[in-house]
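Note that these values count all heavy atoms, side chains included, but never hydrogens, waters or copies made by symmetry.
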Amino acid sequence: MELKSYLTKKSKLVEKALKKYLPKDNSLISRAMRYSVFAGGKRLRPILVILGAEICGSKNIADILPAATALEFIHTYSLIHDDLPSMDNDDLRRGKPTSHKKFGEATAILAGDALLTDAFRLMGNLGENKRLNKQRIIDSVLVLAKLAGYKGMIGGQMKDTIETNRWNKMNLNTAKKNLEFIHLNKTAALIQASLLIGATLFNASKKQLNALNQFGRYVGLAFQAVDDILDITADKKLLGKRGSDLENNKLTYPSLYGLEESQNKAKKLIINAKKSLNIFGKKAEILSQLADYIIQRQY
């Protein structure tokens, strides 16, 4: 199957799941949660959950949709908080006012908190599915807690916040190490988690988990390198935001390496990512195509 067709098909399933699992009442917090989740997005992380399961033999996508939804909840909460005045201070996200601009800062913070908490409710409810192994469910919850927490995404976001406005005052080697730490955790960790959760729930071997972990690591770094490039070069209407890295003096790939070298690094990372998939053979075709798409995208 071609990537575009696959993504379209799986995105529709993810959208239905999001509508199913998001609160439907008209309270302020529920409206704020729905607003940010349905503001758009590629649904990459929930699709990676599905791909992680499929590559390890899953034939029943319905079993994995609560976990896929949980990953989109976590991702959306991170974006809501990332846009806050105390962090990146962005007014637009995907071409629409950010949550704090639409609902106020307090509601935005709480909407993010609610999505984070509800993600773990969805993961816990997987235990009601008799087709899934209980220990594998526990293992998948622990993967999410680690890679979305202070040893993963939050740790990367914290380092990103600390290094803003000070990275160019340190020596080059330190700046390079900090850049890799930020993006391995802030971006790659949740991509790794998505793949590993899908694979873990469907009895992946240790060798398969290691391969997907490596793929997620390389793809996550490449994804962020491209994001950093697009923040400078992309059509702002397509990007859906004004681009604030330069203004905020962020430690990014282009700020450290320049645009051309950043593009070269992204290409090398994708080559390594695709090599990680060798053990899966033809089963990895969609993941391989997805890796190529990441460095070809325009927004």
Side-chain angles (χ1 to χ4, degrees), residues 1 3 6-7 9-10 13-14 17 43-75 119-120 122-149 151-153 184-185 187-223 269-294:
M1 185 183 292
L3 179 65
Y6 181 91
L7 293 179
K9 182 179 179 181
K10 294 301 187 284
L13 291 174
V14 170
R43 309 306 188 202
L44 174 64
R45 288 148 195 87
I47 289 174
L48 286 174
V49 175
I50 295 169
L51 276 166
E54 287 182 337
I55 205 170
C56 294
S58 170
K59 302 294 183 184
N60 192 343
I61 293 175
D63 288 340
I64 208 72
L65 285 176
T69 303
L71 265 295
E72 190 66 9
F73 280 13
I74 296 266
H75 177 55
F120 283 94
L122 288 173
M123 293 297 293
N125 281 348
L126 289 171
E128 297 174 2
N129 188 336
K130 294 181 180 179
R131 289 186 295 272
L132 297 177
N133 179 278
K134 294 293 191 292
Q135 185 57 52
R136 289 287 183 149
I137 294 169
I138 293 169
D139 291 344
S140 69
V141 172
L142 292 175
V143 166
L144 183 57
K146 178 182 177 181
L147 291 175
K151 288 187 176 181
M153 184 181 72
L184 274 176
N185 289 280
T187 304
L190 207 58
I191 289 174
Q192 290 169 279
S194 301
L195 289 161
L196 292 175
I197 286 168
T200 296
L201 287 169
F202 284 92
N203 304 313
S205 68
K206 187 174 181 180
K207 189 175 181 180
Q208 289 174 321
L209 291 172
N210 286 339
L212 289 172
N213 191 52
Q214 279 296 100
F215 176 82
R217 177 187 175 95
Y218 287 128
V219 160
L221 287 174
F223 187 93
L269 287 162
I270 291 302
I271 290 170
N272 287 332
K274 291 167 75 172
K275 286 179 181 177
S276 302
L277 299 174
N278 287 343
I279 68 165
F280 296 107
K282 291 183 179 180
K283 289 181 180 179
E285 181 58 33
I286 292 294
L287 272 178
S288 183
Q289 290 181 41
L290 187 60
D292 288 329
Y293 160 75
I294 280 169

Asker: Does the side chain of Asn185 come within less than 4.5 Å of Met153's, by heavy atoms?
Answerer: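 No, every pair of side-chain atoms sits at 4.5 Å or beyond.
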Asker: Do Leu51 and Leu290 have side-chain heavy atoms sitting under 4.5 Å apart?
Answerer: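 Yes, close enough: below the 4.5 Å cut-off.
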Asker: To check you understand the geometry: which heavy-atom pair defines the closest contact between Leu212 and Cys56, and what is its length?
Answerer: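 Shortest heavy-atom separation between Leu212 and Cys56 comes out as CD1-SG, 4.3 Å.
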Asker: List the atom of Ile191, the atom of Gly220, and the distance in Å for their closest heavy-atom pair.
Answerer: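 In terms of heavy atoms, the two residues are closest at CD1-CA, 3.7 Å.
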Asker: Nearest 0.5 Å, what's the CG-CG distance between Leu122 and Leu144?
Answerer: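 Those atoms lie 10.5 Å apart.
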Asker: Taking the side chain as every heavy atom from C-beta outward, state whether Asp63 and Phe202 have any pair of such atoms under 4.5 Å apart.
Answerer: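 Sidechains of Phe202 and Asp63: in contact.
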Asker: With a 3.5 Å distance limit and no angle check, can you tell me whether Lys146 reaches the backbone of Lys151 through a side-chain donor-acceptor pair?
Answerer: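 A pair under 3.5 Å: no.
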Asker: For Ile279 and Lys207, work out which heavy atoms get closest and say how close.
Answerer: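 Ile279 and Lys207 have their closest heavy atoms at CD1-O, 3.7 Å.
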Asker: What's the spacing between Glu54 CD and Ile61 CD1 if we round to 0.5 Å?
Answerer: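 Here the rounded value is 4.5 Å.
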Asker: Side chains of Gln214 and Asn210: do they bring a donor and an acceptor to under 3.5 Å?
Answerer: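 The criterion, which ignores hydrogens and geometry beyond distance, is not satisfied for Asn210 and Gln214.
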Asker: If you round to the nearest 0.5 Å, how far is CG of Leu221 from CG of Leu184?
Answerer: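 So the CG of Leu184 and the CG of Leu221 are separated by 4.5 Å.
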Asker: Can a donor-acceptor pair be found, under 3.5 Å and without considering hydrogens, that links the side chain of Asn129 to the backbone of Leu126?
Answerer: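 Looks like no, no N/O pair under 3.5 Å.
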Asker: Looking at CZ of Phe215 and CG of Leu287, how far apart are the two atoms once the value is rounded to the nearest 0.5 Å?
Answerer: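 It is 4.5 Å, given to the nearest 0.5 Å.
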Asker: Any non-hydrogen side-chain atom of His75 less than 4.5 Å from a side-chain atom of Leu71?
Answerer: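 SC-SC contact between His75 and Leu71 ruled out.
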Asker: Going through the checks in order, is the side chain to side chain contact (heavy atoms under 4.5 Å, CB included) test met by Phe280 and Gln208?
Answerer: CA-CA 8 Å; Phe280 296 107; Gln208 289 174 321; 3.6 Å; yes
Asker: Start with the C-alpha distance between Glu72 and Arg43, add both sets of side-chain angles, then the distance that settles salt bridge (Lys or Arg N to Asp or Glu O under 4.0 Å), and finish with yes or no.
Answerer: CA-CA 7 Å; Glu72 190 66 9; Arg43 309 306 188 202; 2.7 Å; yes
Asker: So Val14 and Ile50, do their side chains get closer than 4.5 Å, heavy atoms only?
Answerer: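 Ile50 reaches Val14 side chain to side chain.
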Asker: Looking only at heavy atoms, what is the nearest atom pair of Ala291 and Lys274, with distance?
Answerer: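 Residues Ala291 and Lys274, closest heavy atoms: CB-CG, 4.0 Å.
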Asker: Please lay out, stage by stage, how Asn133 and Leu201 fare under the test side chain to side chain contact (heavy atoms under 4.5 Å, CB included).
Answerer: CA-CA 7 Å; Asn133 179 278; Leu201 287 169; over 6 Å; no
Asker: Does Thr69 offer a backbone N or O that forms a donor-acceptor pair with the side chain of Arg45 under 3.5 Å?
Answerer: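 Pair absent, no side-chain N/O of Arg45 close to backbone of Thr69.
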Asker: Is Lys10 positioned over the aromatic face of Tyr6, cation under 6.0 angstrom from the ring centre and no more than 45 degrees off axis?
Answerer: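 Yes; both conditions hold, so Lys10 lies above the ring face of Tyr6.
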Asker: Is the shortest side-chain heavy-atom distance between Leu209 and Leu195 below 4.5 Å?
Answerer: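 No - every pair of side-chain heavy atoms lies 4.5 Å or more apart.
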Asker: With the side chain counted from C-beta on, respond yes when Leu269 and Arg217 share a heavy-atom pair under 4.5 Å apart, and no when they do not.
Answerer: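 In short, these two side chains do not touch, never coming nearer than 4.5 Å.
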Asker: At their closest point, which heavy atom of Ile294 faces which heavy atom of Ala222, and how far apart are they?
Answerer: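 Where Ile294 meets Ala222 most closely, the heavy atoms are CG2-C, 4.2 Å.
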Asker: Report yes if some heavy atom in the side chain of Gln289 is under 4.5 Å from a heavy atom in the side chain of Tyr293; otherwise report no.
Answerer: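 No. Closest side-chain heavy atoms not under 4.5 Å.
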Asker: Taking all atoms of both residues into account, what is the closest heavy-atom pair of Ala193 and Val143, and its distance?
Answerer: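 In terms of heavy atoms, the two residues are closest at CA-CG1, 4.2 Å.
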Asker: Using 0.5 Å steps for rounding, measure from the CD atom of Gln135 to the OG atom of Ser140.
Answerer: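 Answer rounded to 0.5 Å: 10.0 Å.
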Asker: With side chain to side chain contact (heavy atoms under 4.5 Å, CB included) as the criterion, how do Lys275 and Ile271 come out once you've worked through the C-alpha distance, each side chain's angles and the decisive distance to 0.1 Å?
Answerer: CA-CA 6 Å; Lys275 286 179 181 177; Ile271 290 170; 3.9 Å; yes
Asker: For Leu44 and Phe223, run side chain to side chain contact (heavy atoms under 4.5 Å, CB included): C-alpha distance rounded to whole Å, both residues' side-chain angles, the deciding distance at 0.1 Å, then the answer.
Answerer: CA-CA 11 Å; Leu44 174 64; Phe223 187 93; 3.7 Å; yes
Asker: Not counting sequence neighbours, list each pair that qualifies as a side-chain hydrogen bond (donor to acceptor under 3.5 Å, both in side chains) and has a residue in residues 187-198.
Answerer: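 Counting only pairs at least two positions apart or across chains, the side-chain hydrogen bond (donor to acceptor under 3.5 Å, both in side chains) contacts touching residues 187-198 are Thr187-Gln224, Gln192-Asn213.
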Asker: Working to the nearest 0.5 Å, report the span between CD1 of Ile55 and CD1 of Ile286.
Answerer: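 Here the rounded value is 10.5 Å.
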